[in-house]
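Below is one structure, written out as structure tokens; comments come after it.
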Amino acid sequence: MSDAASCVAIWVNSVGAGYLQGCRRFAALGFLRLGEVAVRIAVTAAAVLAGWGAAGAVSAVAVGTAVASAFGLLALRPDLAGGPHAPSEGPGGSGLWRRALSVGGIQLLCCVLFNLDVVVATAVRSGSGDLAPYQALLVLARIPLFLSTALAAVVFSQLVGVSARDGAGQLRPVLRMHWIGSITVTVLVASCPDAVLALVLPPQYGTSAALLPPLALAGAASATTVLVSVVFQVWGPARRAVAPLAVACLLGGGLYAVAAVSPLRLAWCSAAVTGAVAAALLVRARRRVSDLGPLAGALGPLAAGALAAAALFALRPYPLPRAGAAVLVLCLGAIAARPVRRGPGPYRVLHLGFEDPRRPGAGGGSVRTHEVNRRLVARGVEVTVVCAPWPGATATVLDGVHYVPLPAHPGPLALSRFTSQLAYFAAIVVGLGRLVRRHAPDAIVEDFAAPFSSVCVPHLTRRPVVGLVQWLAAADKAREYHLPFHRVERLGLASHTTLVAVSDDLGAELTRRNPVARVEVVPNGVDPAAFTHRTTPRGDHLLYLGRLETSSKGLDLLLRAYARVAPTSPPTCTSRATGRTRTSPGYWPKSLASPPASTGWPG
């Protein structure tokens, strides 16, 4: 009963806290938070000194929380009375009142969920003392939760009044700090050796060290839930957070009742329930804020955390090496959490444009890349283009654009266009970090290129990445070479959150394949000289400029069209790609869908 009363009082106080955050009255918010803690400590200490016992102390916590909740009600008085702090939207500020209620409702459900395992297990086990180690270890396991609660309060105040698209830039670094901090602490707590536990816990609790890994995972998941729920507290709709939290509370209550027979089962059940709700909220948050990126930036810290956990668990029997490894993990986490500071100088762009326009046989994509980049240079932007190597390729500056072949010394790989492009992709995957440290770009542009299209560049760097797409070639190349290029393309396309397409059809296809990405359509430009130098058309030639390919160039459509007009036109055709001329003996009948094999054209 006391726990239920405490939950209601916390909810009332949270409504007041949400109101103060919405009004940006941060001094009053700080007083409310400190006053809540002070009152609860004072009332609980008084109950213990009065000899009320454990049950009385629990009741005192409920009373203290109820008293503290009065501060929250007082905070709402300007809104109810239409005072100077009352919001202007709606009569009496009803809009902000409802918003404060939704914020408080989400926070209440989080509070219930995070304490539900202990409440249910205590009721099922009828006050058994076996849960004492479980609750004691929760203090260590929930350090990430305490950290994320502080982060959530800070980020909430930053995002109030900012749109979801504009606020993504402020949310990303906070999420990154959360991932690095919570995963680092979770790894250290989960692998904590018995000798360290003996220093901070009673001796009889030392045998419960097996509870630490699942409880630490539950603490990290709870921390993620608190921070991600801020997205819905600020931008709504609240139901997207309330629904999974409410379902987790209902299902979790039943699962905890079944698992309460064993503290270890209960711990793993708590990790599963809180992990599932954290994942659900993360997926919904990415749909609400599309620019958060894949896994909202968690992939790198999770991979590093898995490696660190494996090393620390292997070193648990060896206290001194394990202590050294723990210090190393802390130092690496602190280094990784440092914000990226921009160096002095102009705005810098690193363009991963696979094709050098100076290479013999280079296509229109390299022309487009150079024309865009030289205009950026004219506006004061520093542009470096990393391209695939070719025989005789050297680093150079063309119209102010820096061209760097990669790898710099490909050897015989540069002799073939296909192998040089594969070497280029491999060098990007392996050496992108070195390129970023060398050129310190403010943004990276990844030009999609055959055969993979993309190699998941957003997963390889913390810098903003824009995907520039003129075609999706992996499916055609997969059929041509019988290799799974299309699977790499699928992963690469999903890694991007910002894409630029060269046509409306391609933009629609990108949106279909990656619904959460922001897709802009910017058609290729045409040199104005094409409209000023006009020539008189001649009817005896048909000129095609491009590769002899049907899938991406549409050459089959050109040949069918020519077959239909062939009876009235001379059948001489020139291919710029091969430089050969073929003349057929006679005209092409209308019934032919493609020219005869004697012309030298593909059928």
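Along the sequence shown, residues are numbered consecutively beginning with 1. From a predicted model like this one, the values you see are computed outputs, not experimental measurements.
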| request: Identify the residue among P405, P360, P410, S416 that makes a side chain to side chain contact (heavy atoms under 4.5 Å, CB included) with W390. | output: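 Answer to the side chain to side chain contact (heavy atoms under 4.5 Å, CB included) test with W390 among P405, P360, P410, S416: P360.
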
| Heavy-atom count around R374 CZ within 6.0 Å, excluding the residue itself: above 12? |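 Yes, the 6.0 Å shell around CZ holds more than 12 heavy atoms from other groups.
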
| query | What do you reckon, is CZ of F146 surrounded by more than 12 foreign heavy atoms closer than 6.0 Å? | reply |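 Yes, because the 6.0 Å sphere around CZ of F146 holds more than 12 heavy atoms from other groups.
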
Rounded to the nearest 0.5 Å, how far does [atom2] of [Y] lie from [atom1] of [X]?
{"X": "L315", "Y": "R322", "atom1": "CG", "atom2": "CZ", "answer": "8.5 Å"}
{"X": "T394", "Y": "D356", "atom1": "OG1", "atom2": "CG", "answer": "8.5 Å"}
{"X": "L302", "Y": "I180", "atom1": "CG", "atom2": "CD1", "answer": "11.0 Å"}
{"X": "I428", "Y": "C456", "atom1": "CD1", "atom2": "SG", "answer": "13.5 Å"}
{"X": "F354", "Y": "S420", "atom1": "CZ", "atom2": "OG", "answer": "10.5 Å"}
{"X": "W179", "Y": "T186", "atom1": "CH2", "atom2": "OG1", "answer": "10.5 Å"}

| said: Once side-chain hydrogen bond (donor to acceptor under 3.5 Å, both in side chains) is applied, what residue pairs with a partner in residues 439-448 remain, sequence neighbours excluded? | reply: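 Applying side-chain hydrogen bond (donor to acceptor under 3.5 Å, both in side chains) to every pair that reaches into residues 439-448, excluding sequence neighbours, yields R342-D442, H351-D447, R368-D447, T369-D447, E446-S454, E446-H496.
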
For [X], what residues pass the side-chain hydrogen bond (donor to acceptor under 3.5 Å, both in side chains) criterion, not counting sequence neighbours?
{"X": "T274", "result": "none"}
{"X": "R284", "result": "none"}
{"X": "T224", "result": "H178"}
{"X": "R512", "result": "E509"}

Locate the shortest heavy-atom distance separating [X] from [Y]; write the atom from each residue and the value.
{"X": "G305", "Y": "I183", "value": "CA-CG2, 3.7 Å"}
{"X": "F232", "Y": "A241", "value": "CD1-CB, 3.7 Å"}
{"X": "F425", "Y": "P451", "value": "CE1-CD, 3.9 Å"}
{"X": "G380", "Y": "P346", "value": "O-CB, 3.3 Å"}
{"X": "A473", "Y": "S453", "value": "N-OG, 3.6 Å"}
{"X": "K477", "Y": "A450", "value": "CE-CB, 4.0 Å"}

Close side-chain approach of [X] and [Y], heavy atoms under 4.5 Å:
{"X": "L493", "Y": "L499", "value": "yes"}
{"X": "V377", "Y": "D399", "value": "no"}
{"X": "L413", "Y": "L422", "value": "no"}
{"X": "P244", "Y": "L281", "value": "yes"}
{"X": "L460", "Y": "V436", "value": "no"}

| said: Between W471 and L506, is the side-chain contact (heavy atoms from CB on, under 4.5 Å) condition met? List the steps. | reply: CA-CA 7 Å; W471 63 334; L506 182 57; 5.6 Å; no

Does [X] use its side chain to pair, donor to acceptor, with the backbone of [Y] at less than 3.5 Å?
{"X": "R375", "Y": "E371", "result": "yes"}
{"X": "S148", "Y": "L145", "result": "yes"}
{"X": "R316", "Y": "C192", "result": "yes"}
{"X": "R463", "Y": "I444", "result": "no"}
{"X": "R176", "Y": "A336", "result": "yes"}

| request: Please report the C-alpha distance between R358 and T396 in whole Å, then the side-chain angles of each, then the deciding distance to 0.1 Å, and finally whether the side-chain contact (heavy atoms from CB on, under 4.5 Å) criterion is met. | output: CA-CA 10 Å; R358 301 169 299 155; T396 188; 3.2 Å; yes

| request: Check step by step if side-chain contact (heavy atoms from CB on, under 4.5 Å) holds for D476 and F485. | output: CA-CA 9 Å; D476 297 329; F485 296 137; over 6 Å; no

| message | Using a strict threshold of under 4.0 Å (side-chain N to carboxylate O), is an ion pair present between E489 and R513? | response |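 A salt bridge links R513 with E489.
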
| Sequence neighbours excluded, which residues qualify as side-chain contact (heavy atoms from CB on, under 4.5 Å) partners of A427? |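 side-chain contact (heavy atoms from CB on, under 4.5 Å) check on A427 returns L406, P407.
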
| What do the steps show when you test Y347 against L376 for side-chain contact (heavy atoms from CB on, under 4.5 Å), and what is the final call? | CA-CA 10 Å; Y347 193 88; L376 292 176; over 6 Å; no

